[in-house]
Enquirer: 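Sharing a structure, written as structure tokens. Questions coming.
Per chain, numbering begins at 1; letters A, B, ... match sequence-line order.
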Amino acid sequence: MKAVELAKSYNPKDFEDRIYQEWKEKGEFGPKKDAAGEHFSVVMPPPNVTGILHMGHALNNSLQDIIIRYYRMTGRPTLWVPGTDHAGIATQNVVERQLKKEGLRRQDLGREKFIERTWLVKEKHHDIIKSQLEKMGCSCDWEHERFTMDEGLSRAVREAFVTLYERGLIYKGKYLVNYCPKCGTALSDDEVEYENMPGKLYHVRYPYADGSGYITVATTRPETMFGDVAVAVHPEDERYKAIVGKLLCLPLTDKRIPIIADSFVDREFGTGMVKITPAHDPNDWECGRRNNLEAVNILNPDGTLNDNCPQKYRNIQAVEARELVVKDLEDGGYIVKIEDHAHDVGHCYRCHTVIEPYLSDQWFVRMKSLAEKALDALKKSDIVFYPRRWENTYSHWMETIRDWCISRQLWWGHRIPVWYCKDCGQVIVSREDPTCCPKCHKSNLEQDSDVLDTWFSSWLWPFSTLGWPEETEDLEKFFPTSTLVSAYDIIFFWISRMIMSSEEFLGKAPFRDIVITGLVRDIQGRKMSKSLGNGIDPLEVIDQFGADAMKFTLCYMAAQGQDVLIDMNSFKMGSRFANKIWNATRFLLMNLEGRNLVKVDEKDYSVMDRWIYGQLNSTCLAIQKAMEGYRFNDAAQSIYSFFWNDFCDWYIEESKQKLLHGSDEEKDRAISILMDILESSMRLMHPFLSFITEEIYQKLPNHTGDVIVASYPVFDEKRCYEEAHALVASLQEVVRTVRSVRSNLQIAPEKKLKVVFRPSKDFNATALISDELVFVSSLVGASSFVIDDDMKESVDGAFPANGLGYECFVFVRDAIDVDAEIGRLKAEIAKAEKNLAGVESKLSNEAFLKNAKAEAVEKEKSKRAEFLEKIKKNSEHIKLLSSF
RNA sequence: GGAGGAUUAGCUCAGCGGGAGAGCGCCUGCCUUACAAGCAGGAUGUCACAAGUUCAAUCCUUGUAUCCUCCA
């Protein structure tokens, strides 16, 4: 057999793009025809077509890719559906910003042209996103790619809307909604972000209508007083019980408003009296409804005061009007005092403009019955969150849910499938575009001008992407999906709603396992953001370190549910590991020269062979458990320590003796096992380091097909080889003991020294060390390594070191610092004595002996023996050293 | 105001009631022909604080402090 040449160093750019194209061309991302067993499917959280992917996407998609590749290799029919989201407000804002630069508004283009232009932006960003996902190595099935506004999904949206309407779960109503004056649209409750801001609290006098004095109310927004319809006090507030029902004069107007009682009033806040402005405050809205009060809207859609206000204030922006009103109140002697007051102010989650509560006609989904089904799904464990603690958050949201405002006054999105007959006023809600009014049969119809909230399409994602409402083969085969991976910031927007819609339309949960990842932050724990400039671009990481390094590093750091704090340097870890894999492979492939691969029978395994196969096997188990529990960091760590610490540091090192100095037969045998382990390792590591393992796998003489579709190594109970594990652990301990002596004494590696090794009679690894004498000698730099189990060797003048069950004597008469060594040994004795004291106190404690598990007692006893031995040996060694 | 999370080595973080761990960084010595992106050895900890439960607490319970997030 010929050696296989590998480039001198690991350079991911040489093969990552090529391999991705090969996979794609061979169609290896889609579900296999011959796959068997339960399906495994995942839908990708669709990125917004506004932007480019950030580290959060990299984390999210890396984990999905790992899961998908893992299950694909286990042989199950596996599907990962990619796609993008039209992101209504966000995308529209991008286009409007572009227009603004050209001095245009969207109205200048008109709806149709504006949407055409938005599609262009969508196409451009979509292409960027797709190429980014490919760069990352995501093995999603591009044949199944979807966009929330493509034809099929638009049908699903209509179906959902009309079905809910028919079930009485969608209604149109006048309602106080969150209104963003800048975006010019209503927002759902969840789209409002609150921020504590400094403001003023104005204490204003409202005189009694009968002239018998006045009361004082506190407000942060005096300009809304024109919409006041009452002043409320707490019904049990003793101070004000007597005045409930009295009328007040509303200053600056000639209006009369009553004092009412309502228990929502906070008696501690301000004067304990609040003005009620139903059209401009959510709490007041609820209060107004409870008390049958009129809602007086005082604002125009552009945020200026309207005709419900006195002439003087009309058509002035609210903020300016406030100053004017305050001045007039002051002039009129109505202001008692003005205090500084910080309070929470709602902002638009897209443009961060201050939200205005605004009374308008909007469409809503009645959420209560949907939420109940979604809660049941959790109670029945149809869905499980990883980590579990998110289940509380989910339940709480479901229990306190409010109706969902789904209409948006935007152009980019799904038009609401509602038409109005201009002749007879008939409202038509239809799956198909109607041509005439079913009531008056005239065709003078006008479609509702609003579009639906973006989330109204994404909440159907797990089944709309599979063809719903058609009963497609995909839907049959891959629904419900298996696992959803998402960050916690969209549990409410998206995850919860998907569960509701799926329960409502398909009668089951859309996925079973919900993996909630942390957020990716910078090394100081701050969110990565454009304004801070602290973001890391995944493409830059890939450029510097490779996609494998990025994926592996993220996986290694993704402890369940924890935020991931990283900087550019963090990715060195994955990059070094990949380099290690590359070089280990290079070495092994070099050694193929002139060799024949042979089948080594299990019964011919040496102890070291059994050990490495045992380690490989237990790593399979560790990974299986880690994947089942979505403990990605555990999986990454198992792989890392197996390949690097076990395989490279010990097994390959041991094999070198045979590869370099063995007979042809020994060489064949050694390289065959090495290639076998290497081949298994590539399959084992493929989900986590996809490109490098494929590149290497193709070059292995013992490979079959592509690793992406190879079978995943399976844990085998019969191949644990625990005794080999214990033996090798002992051997490693002996090696470390001698190395430590040499290192502490600063003995140059090239200086070979005689070592006498004295095992106790029951030391388990004496035979192994004897068999591996050449290996051990080379690791410890011994000129000769004498196993002296009958205490015949003279150790005069040798430097002693001891371990559990053995002593080593290193012949280093020259060049040692006797005093320093004595100091070190004394420190060890002190530590052992401290540990011994702890053990003794346990063992002299009758309660411990009585209550503790037998193994625990035994363990303490063996610890005692160990510490005693250490103290004894070290004392002897100090004596010996003192005589030097 | 309510809920959740975090607090372990210089940094980022694992950790399963019974002798404190990893990666990076640091110190020392080595280019031992796979890898200096490497090898070997080493140092570094009141496991935030205080009680409680337990034979035994970094781990369980309660409280406190600090920080973060979400909800209202």
Enquirer: Could you tell me the separation between the OH atom of A/Tyr10 and the P atom of B/G38, rounded to a whole number of Å?
Expert: 14 Å
Enquirer: Between B/A9 and B/C59, how far is it from one P atom to the other, in whole Å?
Expert: 15 Å
Enquirer: Quick check: do A/Phe571 and A/Ile566 have side-chain heavy atoms less than 4.5 Å from each other?
Expert: yes
Enquirer: Taking only N/O atoms, report every protein-nucleotides 23-30 of chain B pair under 3.5 Å with atom names and distance.
Expert:
{"residue": "B/U28", "atom": "O2'", "partner": "A/Gln746", "partner atom": "NE2", "Å": "3.4"}

Enquirer: Would you say A/Leu63 and A/Val515 make side-chain contact, with heavy atoms under 4.5 Å?
Expert: no
Enquirer: To the nearest Å, give me how far apart CZ (A/Arg739) and P (B/C39) are.
Expert: 11 Å
Enquirer: Using Watson-Crick pairs (N1 to N3, plus N6-O4 or O6-N4) and G-U wobble pairs, both distances under 3.5 Å, which stems of at least 3 pairs involve RNA chain B?
Expert: B:1-7 with B:65-71, B:10-13 with B:21-24, B:26-30 with B:38-42, B:48-52 with B:60-64
Enquirer: Taking atom C1' in both B/A65 and B/U53, compute the distance separating them and give it to the nearest angstrom.
Expert: 23 Å
Enquirer: Should A/Ser740 be listed as having a side-chain N or O under 4.0 Å from OP1 or OP2 of B/G42?
Expert: yes
Enquirer: Output the single nucleotide from B/U69, B/C35, B/A34 whose closest atom is nearest the side chain of A/Lys656.
Expert: B/A34
Enquirer: Can you tell me which residue pairs pass the salt bridge (charged side-chain N to carboxylate O under 4.0 Å, His left out) test with a partner in residues 549-565 of chain A, sequence neighbours excluded?
Expert: A/Asp65-A/Lys551, A/Arg521-A/Asp563
Enquirer: Does one side chain, of A/Asp567 or A/Ser570, offer a donor that lies under 3.5 Å from an acceptor on the other?
Expert: yes
Enquirer: Are side-chain heavy atoms of A/Leu836 and A/Arg864 found at a separation under 4.5 Å?
Expert: yes
Enquirer: Distance-only criterion, 3.5 Å: show the donor-acceptor pairs between side-chain atoms of residues 641-651 of chain A and protein atoms not counting sequence neighbours.
Expert:
{"residue": "A/Ser641", "atom": "OG", "partner": "A/Gln637", "partner atom": "O", "Å": "3.4"}
{"residue": "A/Asp646", "atom": "OD2", "partner": "A/Gln615", "partner atom": "NE2", "Å": "2.9"}
{"residue": "A/Tyr651", "atom": "OH", "partner": "A/Asp609", "partner atom": "OD1", "Å": "2.5"}

Enquirer: A/Lys754: what forms a salt bridge (charged side-chain N to carboxylate O under 4.0 Å, His left out) with it, not counting sequence neighbours?
Expert: A/Glu793
Enquirer: Between B/C39 atom C1' and A/Leu779 atom CG, what is the distance in whole Å?
Expert: 11 Å
Enquirer: In whole angstrom, give me the gap between the P atoms of B/U46 and B/A20.
Expert: 14 Å
Enquirer: Rounded to the nearest Å, what distance is computed from the CD1 atom of residue A/Ile536 to the P atom of nucleotide B/U12?
Expert: 14 Å
Enquirer: For atom C1', what is the distance between B/A72 and B/U12, given to the nearest Å?
Expert: 34 Å
Enquirer: Which residues pass the ring-ring contact (aromatic ring centres under 6.0 Å, His included) test with A/Tyr386, sequence neighbours left out?
Expert: A/Tyr630
Enquirer: Could you tell me how far B/C35 sits from B/C47 if I compare only their C1' atoms? Round to whole Å.
Expert: 36 Å
Enquirer: What nucleic acid atoms does A/Lys625 come within less than 4.0 Å of, heavy atoms only: base, sugar-phosphate, or nothing?
Expert: nothing
Enquirer: What about A/Phe577 and A/Tyr640, are their ring centers closer than 6.0 Å?
Expert: yes
Enquirer: Distance from A/Asp14 atom CG to A/Glu695 atom CD, nearest 0.5 Å?
Expert: 8.0 Å
Enquirer: Heavy atoms only, 4.0 Å cut-off, all strands: where does A/Asn845 land among base, sugar-phosphate and nothing?
Expert: sugar-phosphate
Enquirer: Quick one: A/Asp563 CG to B/C67 P, roughly how many Å, whole number?
Expert: 18 Å
Enquirer: Checking A/His347 now: which residues fulfil side chain to side chain contact (heavy atoms under 4.5 Å, CB included) with it, not counting sequence neighbours?
Expert: A/Glu195, A/Met197, A/Val345, A/His352, A/Val354
Enquirer: Give every residue pair that meets the salt bridge (charged side-chain N to carboxylate O under 4.0 Å, His left out) criterion with at least one member in residues 731-742 of chain A, sequence neighbours excluded.
Expert: A/Glu733-A/Arg736
Enquirer: Could you tell me how far B/U44 sits from B/G23 if I compare only their C1' atoms? Round to whole Å.
Expert: 16 Å
Enquirer: Return the nearest nucleotide to the side chain of A/Met557; candidates are B/U12, B/G41, B/A34.
Expert: B/U12
Enquirer: Can you check whether A/Arg389 reaches A/Ile516 side chain to side chain, under 4.5 Å on heavy atoms?
Expert: no
Enquirer: Please state the P separation for the pair B/U64 and B/C26 - nearest whole angstrom.
Expert: 42 Å
Enquirer: Could you say whether A/Val735 or A/Phe587 is positioned toward the 5' end of RNA chain B, judged by the nucleotide with the nearest heavy atom to each?
Expert: A/Phe587
Enquirer: What does A/Arg742 touch in the nucleic acid at a heavy-atom separation under 4.0 angstrom: a base, only the sugar-phosphate, or nothing?
Expert: nothing
Enquirer: For A/Arg221, check salt bridge (charged side-chain N to carboxylate O under 4.0 Å, His left out) against everything at least two apart and list the hits.
Expert: A/Glu223, A/Glu356
Enquirer: Between atom CD in A/Glu653 and atom C1' in B/G38, what is the gap in whole Å?
Expert: 11 Å
Enquirer: Counting C-beta onward and ignoring hydrogens, is there a side-chain heavy-atom pair between A/Phe587 and A/Ile652 closer than 4.5 Å?
Expert: yes
Enquirer: So what does A/Glu391 hit on the nucleic acid, given a heavy-atom distance under 4.0 Å: a base, only sugar-phosphate, or nothing?
Expert: nothing
Enquirer: To the nearest angstrom, how far is A/Phe647 atom CZ from B/G38 atom C1'?
Expert: 17 Å
Enquirer: Using whole Å, report how far CG of A/Asn11 lies from P of B/A37.
Expert: 15 Å
Enquirer: So if I define the base as every atom that isn't primed, P, OP1 or OP2, how would nucleotides 1-11 of chain B read as a B/S/- string at a heavy-atom cutoff under 4.0 Å?
Expert: ---SSS-----
Enquirer: Please enumerate all residues that pass ring-ring contact (aromatic ring centres under 6.0 Å, His included) together with A/Phe867, with sequence neighbours excluded.
Expert: none
Enquirer: Using the P atoms only, state how far B/C68 lies from B/U8, rounded to an integer number of Å.
Expert: 16 Å
Enquirer: On RNA chain B, compare the nucleotides closest to A/Gln637 and A/Tyr488; which residue's is nearer the 5' end?
Expert: A/Gln637
Enquirer: Between N or O atoms, less than 3.5 Å apart, protein on one side and nucleotides 15-18 of chain B on the other: list the pairs.
Expert:
{"residue": "B/G15", "atom": "OP1", "partner": "A/Arg631", "partner atom": "NH2", "Å": "2.6"}

